[in-house]
Undergrad: 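Encoded as structure tokens, here's the structure I'll be asking about.
What you see is a predicted model, and the numbers here were worked out from it, not measured in a lab. Note that ligands are numbered from 1 as they come in the structure, with each ligand's atoms numbered from 1 the same way.
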Amino acid sequence: MSTALAIGAHVDQTDPIAEAKARNAPLVQFFLGDPQGYRGPEIRYAGGAEGLRADAEAAGIDLYVHAPYIVNVATTNNRVRIPSRKLLQQHVDAATAIGAKGLIVHGGHVGKDDDPEKGFDNWRKAVEATDLTLPLLIENTAGGDNAMTRYLDRIGRVWDAISAAEGFDMVGFCLDTCHAHAGGNPLETVVDDVRAITGRIDLVHCNDSRDEFDSGADRHASFGAGRIDADLLAGVVRDAGSPVVCETPGGAAEHAADFAWLRERL
Ligand SMILES: [Zn+2]
């Protein structure tokens, strides 16, 4: 049963269909535009949004969009939070237009000396202010000062804050194994721990980590090349039972090797 899990990868956005086919993957994740910029999403696929939607559907490939890294809807800094919300809505709209199954966004952070309560409440406001036309999957992060979704208790506070917001039914969770490990959350229990808070894990970002447990560093590694125990990594994927995106280094060949490594252990 577990070997039937859908496993794909983070790929270049120009032709995600070709990237999926090159990996024999039933799903792919990609950015829409510059992951570090505020310019807003762009569809680089030759057929445009409609073409990408139709071609993915015809090929039976599920699409996931990763929001830009700079999106931080939690921050107390207006000059970041306001454009972040705008960018988030633009990405929701664009991801919906291509028929994506979900939009992944990092939990963000508040300033070092800020009260984290402000960040939880900013998350509530962001969910209320955003017209969610597809699932928004909030991802755990590895580090950052005063992060919203590094440690479990903070994830719990974010969920407490957003659970009363209009649109909450469209919010899910993306569990990143590298971020959980480097963030200091034991992989032995992280699936149960997260589910106890969110009730759901919609997607797994399966990545090995170049860094130690609780290091706070975010450096992904190919499976078996990092510091995460192989059985623990596979165990998270197995226990979550959700679609998997490998955000590991390399191209189609390296990803195919990662898929095989993982399937062998499921
Ligand atoms: Zn990730």
Undergrad: Within a radius below 2.8 Å of the Zn ion (ligand 1), how many protein N, O or S atoms are present?
TA: 4

Undergrad: Any chance the side chains of Y45 and D55 put a donor and an acceptor closer than 3.5 Å?
TA: yes

Undergrad: Parallel, tilted or perpendicular: which fits the ring planes of F168 and W159, with parallel below 30° and perpendicular above 60°?
TA: perpendicular

Undergrad: Assert yes or no for the condition that the ring centre distance of H10 to F31 is strictly below 6.0 Å.
TA: yes

Undergrad: So, are R124 and D121 salt-bridged, with charged N and O less than 4.0 Å apart?
TA: yes

Undergrad: Have R150 and N185 got a donor and an acceptor in their side chains that come within less than 3.5 Å?
TA: no

Undergrad: Which word best sums up how the rings of H106 and H66 line up, parallel for under 30°, tilted for 30 to 60°, or perpendicular for over 60°?
TA: perpendicular

